[in-house]
Amino acid sequence: MVYLDLFLSFLKIGLFTIGGGYAMIPLISDTAIGKGWITEDLLIDFIAIAESTPGPFAVNVGTFIGLTVGANGGINPPALGQAVGIICTVSGLLLPSLVIMLAIFFLSKKMLSNRHVQNAFRMIRPTVTALIVAAFLSVIYATVVTKVNSDEATFNWFGLLWFAICFFLTFKPKVNNDKFPKLAPTMNVLNKIKLHPILLIILSAGVGILFYGFIL
Amino acid sequence: MVGLIHKEMVEKKKWIDDEEMLDVIAIAESTPGVIALNTATYVGAKVAGVLGAFVASIAVMLPSIIIISLISLAIEEFGNNKYVKWAFLGIRSAVAALILNAAIKLSKNNEKSIVCYCVMGVALVLAVLSTFEIIKLDMVFIILGAALFGIIWGIATMKKPKKEASQPDNSANEDAPFTETENKEGE
């Protein structure tokens, strides 16, 4: 039953999303693409939508996947299936938060300062970083080797170039200027540019239409 | 989001005070689960018990559910439009940059020690192999393996005197996460 599968998958994602937001991307792509629920291209498009709409990122992505998968889950009419799908994913995400936070609230905040819990988190943090880096590698691969106005995936050099520009527009290096005095002017310029993610996404949409549609 | 929470919860409704808010956010960020839902559950529980926690967290999710449902209708309608496709192709580069930035930002909170770098390296290799479907391994087991290793490492380094603890750093931590995650792989 796909609805039970949705609930359990998002329960797992909710339980292992530590550090919020982008930390869930590796888990989501692992599960949703692995099970054939959505394609990687659609997931990347959706990360952009979830980032530029209000509301918690995880709930946005969960709603979207619940809705997409639930529509073809066997419940008639499809609109009802979508609603059930959303309820499954969202309640899966909510359950770990509810149980763990209520336990902390009613039992004790000291649970978190337990030595073993602290030691576990010490190693979970770098691991989550590594998982996000892996997710990044997968997205950049899907950007650089992709179908541009053809049915065959080719090397998309503009995707790589625009990625580099986007990265430098949003990158905030916290480098000690006294240590590297020669780099200081560059770092200051980078730190001065403030581009909100939503603006970056809108800008990229415009650049995408202009370049992929009319120049390439 | 933190700014908004402060304005509503602390200034307007006076449900929690400044200090408690910092506490809640620190807890919400370091426990499993979606941060916004964690915060809502905690504040809800404080104001109105279990029912309050339930109502607050559902209320946090409602706008998302409504907005995304509407957007997905639009995607169905315009998803195959060529301009939309070009736009999303451009956006893909931006998403890659945002994810890389998130990783860099997150890595700043990591402990700067050899063990942690080794764990990160091993996790990265396993995650990349799994992402590109070279090996079949659930990401969850990488996180579980790291947690288990952290607990074992904590116990192991606790008992040893400091002199010894600094030496076996490399040999011990390179094997440990591997064997843990590989054991689980077979399940």
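Order of the sequence lines fixes the chain letters, A, B, ..., with proteins taken first and strands second; residue numbering starts at 1 for each chain. Heavy-atom basis, side chains included; hydrogens, waters and symmetry copies ignored.
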*Work out which heavy atom in B/Ala53 is nearest to a heavy atom in A/Leu102; give both atom names and the distance.*
CB-CD2, 3.8 Å
*Engaged part of A/Gln118 at the chain B interface, taking heavy atoms whose separation is under 4.5 Å*: neither
_A/Thr146, part contacting chain B, at a heavy-atom distance under 4.5 Å_ = side chain
*Measure distances from A/Phe211 to the heavy atoms of chain B and classify the residue's part below 4.5 Å as side chain, backbone, both or neither.*
neither
*chain B contacts: which residues in residues 34-45 of chain A have a non-hydrogen atom closer than 4.5 Å to it?*
A/Asp41, A/Ile44, A/Asp45
*B/Met120 versus A/Ala130, closest heavy-atom pair with distance*: O-CB, 3.4 Å
*For B/Ile75, is it the side chain, the backbone, both, or neither that has a heavy atom closer than 4.5 Å to a heavy atom of chain A?*
side chain
*For each of B/Lys105, B/Met139, B/Arg92, tally heavy-atom pairs with chain A at distances under 4.5 Å, and name the one with the top tally.*
B/Arg92
*Test applied, side-chain contact (heavy atoms from CB on, under 4.5 Å); reference residue, B/Ile58; option that passes from A/Leu94, A/Leu98, A/Val90*: A/Leu94
_Does any backbone or side-chain atom of A/Ile201 lie under 4.5 Å from a heavy atom of chain B? Answer side chain, backbone, both or neither._
both
_If you compare all heavy atoms of B/Ala94 against all heavy atoms of A/Cys166, which two are closest, and at what distance to 0.1 Å?_
CA-SG, 3.8 Å
*Between B/Asn110, B/Leu124, B/Val84, B/Thr131, the one whose heavy-atom pairs under 4.5 Å with chain A are most numerous*: B/Asn110
*Side chain, backbone, both or neither: which part of A/Ile209 has a non-hydrogen atom closer than 4.5 Å to chain B?*
both
*With only heavy atoms counted, which part of A/Asn60 is less than 4.5 Å from chain B, the side chain, the backbone, both or neither?*
both
*chain A contacts, top residue of B/Leu129, B/Val50, B/Leu62, B/Thr31 (heavy-atom pairs, under 4.5 Å)*: B/Thr31
*For the pair B/Tyr83 and A/Phe214, name the ring-plane relationship: parallel under 30°, tilted 30 to 60°, perpendicular over 60°.*
tilted
*Quick one: what part of A/Ile100 sits under 4.5 Å from any heavy atom of chain B, side chain, backbone, both or neither?*
side chain
*Any idea which heavy atoms bring A/Gly159 and B/Ser93 closest together, and the distance?*
O-OG, 2.8 Å
*asked:* Can you pull out every salt bridge (Lys or Arg N to Asp or Glu O under 4.0 Å) where at least one residue sits in residues 129-149 of chain A? Sequence neighbours excluded, please.
replied: none
*So, for A/Pro126 and B/Cys116, which heavy atoms are closest and what is the spacing to 0.1 Å?*
CB-O, 3.7 Å
*Relative to chain B, which of A/Val207, A/Thr170, A/Ile33 shows the most heavy atom pairs under 4.5 Å?*
A/Thr170
*Which of B/Val95, B/Leu98, B/Asn101 touches chain A most, by non-hydrogen pairs under 4.5 Å*: B/Asn101
_Quick check: closest heavy atoms across A/Val133 and B/Ala103, and the distance to 0.1 Å?_
CG2-CB, 3.9 Å
*Is it the backbone or the side chain of B/Ile67 that comes under 4.5 Å from a heavy atom of chain A, or both, or neither?*
side chain
*Within residues 49-71 of chain A or reaching into it, pairs that qualify as ring-ring contact (aromatic ring centres under 6.0 Å, His included) - sequence neighbours excluded*: A/Tyr22-A/Phe57, A/Phe46-A/Phe64
*Only counting residues at least two apart or in another chain, list the ones meeting side-chain hydrogen bond (donor to acceptor under 3.5 Å, both in side chains) with B/Asp18.*
B/His6
